[in-house]
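I have placed the structure first, in the form of structure tokens, so that the comments after it can refer back to it.
Computed from a predicted structure; not experimentally measured. Computation of the quantities below employed the complete heavy-atom set of this structure, encompassing side-chain atoms and omitting hydrogens, waters and symmetry-equivalent molecules.
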Amino acid sequence: MTSSEILPGEIRPRPVVGRLPRYAAGKPPVAVDGLASYKLSSNENPLPPLPAVLEAIANQQDFNRYPDPLSSKLRAALADFLDVPAEDIVTGAGSLGALNQLLATFAGQNDDGKADEVIYAWRSFEAYPISVGLAGAESVRIPLLNDGRHDLAAMAAAVTVRTRVILLCTPNNPTGPILTAAETEQFIQSVPADVVVVIDEAYQEFVRAGDAVDGIALYRRYPNVVVLRTFSKAHGLAGLRVGYSVSNPGLTQYLRVAATPFSVSQIAEQAAIVSLQNYPQVVERVQSIVDERDRVTAGLRELGWFVPEAQGNFVWLDLGANSAEFAELAEKQALSVRAFGAEGVRVSIGEPEANSRFLALCADYTKPPQRS
């Protein structure tokens, strides 16, 4: 039944809902006889939380009480960790929850009936168009450059009087390249100071590029900058949903109004705190994933594949129309990967055996894409 065929009296969603894409979560791997199955489709950390974190989770008992709506203990721990005021931190259900709070605060439908504009690169994080649309704003998508990087010049040129928020994803999910400190600062200086610039750093801990942007450093200098970070990736807490934004008081005073009450449970808050307390162990685990990422990237390039700069915990294969075919071949090898239509395939860095099997699949694949 189409929207034009809805029966009288039938409950209808907001019109925007019918125009939004559905979020497609990474599928679990299919069981194949004789092969261990590996999920490489959701950019998850293949390692469990630290032992101390698991112990803290097991010892949590106060589930009959609501959590602290301000996540005060976690914000205090983050304040020490990042060397920022706790008042500048607003927690959310993952970095996506923090983003939704931000969009609800600064972008939507105005009193004159016109929608605000939110600019972001595309392809980028799949939830962006959904979150922007549900906030009531209009997406302005700027195509990536051929190497998978943001076209900052085109993004700056797209700013209008209706632009309220700009989303910068670094490293960019799903393609992998980072934004540099110099180009990001130049970009911020080129857009109006009343436009909120969001630096989404969900994969910040995996970055090894020396010239990469540091969102926290820019938030200190520019009142319109908001930084998004999460415990889902590096800390291995994706299932507990805890993230946060960092911004100046001129923005956080409004963000707290839109923040979802009790969005971070007490178990998630305590797990995040303990993980921060044991951060050297987190760094060791992250480095093991970075080492595997570099092994996979080098292996792909030796096989003749073009791979954009990979600075997250994933690699991007620019397979175009062959994306679905490749995903099906991976499935037959008990590997789940994430195909994005006819654009490409994102493959998360997983266990060493999974990564080696993925490289073997790429070695046997007959159509490695070439870049001119």
Side-chain angles (χ1 to χ4, degrees), residues 95 98-100 102-110 112 114-133 135-204 207 209-229 245-248 250-251 254-255 308-309 311-312 316 343:
S95 57
L99 171 64
N100 286 336
L102 190 148
L103 291 172
T105 305
F106 296 110
Q109 200 84 16
N110 287 306
D112 61 5
K114 295 182 179 179
D116 295 326
E117 293 177 344
V118 178
I119 297 173
Y120 52 88
W122 195 253
R123 176 171 289 274
S124 193
F125 182 32
E126 189 175 8
Y128 286 166
I130 302 171
S131 295
V132 171
E138 179 180 334
S139 288
V140 178
R141 305 182 189 182
I142 305 301
L144 295 168
L145 299 169
N146 287 336
D147 59 1
R149 300 178 68 251
H150 285 48
D151 188 344
L152 291 179
M155 294 178 75
V159 173
T160 72
V161 294
R162 291 169 55 197
T163 303
R164 291 294 175 268
V165 177
I166 300 173
L167 307 178
L168 303 178
C169 186
T170 177
N172 186 54
N173 174 22
T175 56
I178 51 101
L179 291 168
T180 68
E183 68 182 347
T184 307
E185 184 156 23
Q186 182 179 18
F187 175 80
I188 294 170
Q189 293 172 350
S190 72
V191 303
D194 62 349
V195 173
V196 176
V197 178
V198 180
I199 303 177
D200 187 344
E201 294 185 311
Y203 302 90
Q204 181 267 341
V207 174
D211 59 348
V213 65
D214 176 2
I216 297 298
L218 292 182
Y219 127 87
R220 298 185 199 279
R221 296 200 290 273
Y222 297 96
N224 61 326
V225 167
V226 182
V227 181
L228 296 180
R229 291 189 178 178
S245 63
V246 184
S247 57
N248 285 276
L251 302 184
Y254 302 116
L255 279 174
E309 176 195 12
Q311 289 290 320
W316 174 253
E343 297 175 62

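- Phe106 places a side-chain heavy atom less than 4.5 Å from the side chain of Leu255.
- Two residues are said to be in side-chain contact when any heavy atoms from C-beta on lie closer than 4.5 Å; Val165 and Asp116 fail this criterion.
- Pairing each heavy atom of Ala209 with each of Gln311, the nearest pair is N-OE1, 3.1 Å.
- Closest non-hydrogen pair, Glu201 versus Gly215, comes out as OE2-N, 3.0 Å.
- Across all their heavy atoms, Leu218 and Ile188 have their closest contact at CD1-CD1, 3.7 Å.
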Full working for side-chain contact (heavy atoms from CB on, under 4.5 Å) between Val118 and Tyr128
CA-CA 9 Å; Val118 178; Tyr128 286 166; over 6 Å; no
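- Residues Leu228 and Ser95 come closest through the heavy atom pair CD1-O, 4.0 Å.
- Atom CD1 of Ile119 is separated from atom CZ of Arg162 by 11.0 Å, given to the nearest 0.5 angstrom.
- Side-chain contact check for Gln204 versus Val227: every heavy-atom pair is 4.5 Å or farther apart.
- Side-chain atoms of Pro129 and Trp122, non-hydrogen and from C-beta on, do get closer than 4.5 Å to each other.
- Under a cut-off of 6.0 angstrom, the local environment of OH in Tyr254 is sparse, with at most 12 non-hydrogen atoms contributed by other residues, nucleotides or ligands.
- Remark: Gln109 CD is packed, more than 12 non-hydrogen atoms of other residues, nucleotides or ligands lying under 6.0 Å away.
- Using a 4.5 Å heavy-atom threshold, the side chains of Ser124 and Leu167 count as separate.
- Expressed to the nearest 0.5 Å, how far CD of Glu309 lies from CG of Asp147 amounts to 8.5 Å.
- Counting only heavy atoms from C-beta outward, the side chains of Asn172 and His150 approach each other to under 4.5 Å.
- Counting heavy atoms from C-beta outward, Pro171 and Val207 have side chains that approach closer than 4.5 Å.
- Residues Ser131 and Asn100 share a closest heavy-atom pair of OG-OD1, 2.7 Å.
- Between Arg229 and Asp214 there is a salt bridge, since at least one side-chain N of the basic residue sits less than 4.0 Å from a carboxylate O of the acidic one.
- Interatomic distance, Asn248 CG to Arg220 CZ, rounded to the nearest 0.5 Å: 10.0 Å.
- Heavy-atom minimum distance, Ala107 versus Arg164: CB-CB, 4.5 Å.
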Working for side-chain contact (heavy atoms from CB on, under 4.5 Å), residues Ile216 and Ile199:
CA-CA 9 Å; Ile216 297 298; Ile199 303 177; over 6 Å; no
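- Rounding to the nearest 0.5 Å places CD1 of Ile130 at 8.5 Å from CZ of Phe125.
- The side-chain heavy atoms of Leu103 and Val198, taken from C-beta on, include no pair separated by under 4.5 Å.
- The distance from the CG atom of Leu251 to the OG atom of Ser245 is 9.0 Å, given to the nearest 0.5 Å.
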Take Val140 and Thr163 through the side-chain contact (heavy atoms from CB on, under 4.5 Å) test and state the conclusion after the steps.
CA-CA 9 Å; Val140 178; Thr163 303; over 6 Å; no
Before giving the answer on side-chain contact (heavy atoms from CB on, under 4.5 Å), spell out for Leu152 and Leu179 the whole-Å C-alpha distance, their side-chain angles and the decisive distance to 0.1 Å.
CA-CA 9 Å; Leu152 291 179; Leu179 291 168; 4.0 Å; yes
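- Atom OG1 of residue Thr160 and atom CD of residue Glu117 lie 3.5 Å apart, to the nearest 0.5 angstrom.
- With Asn110 contributing its side chain and Asp112 its backbone, the two residues share no donor-acceptor pair below 3.5 Å.
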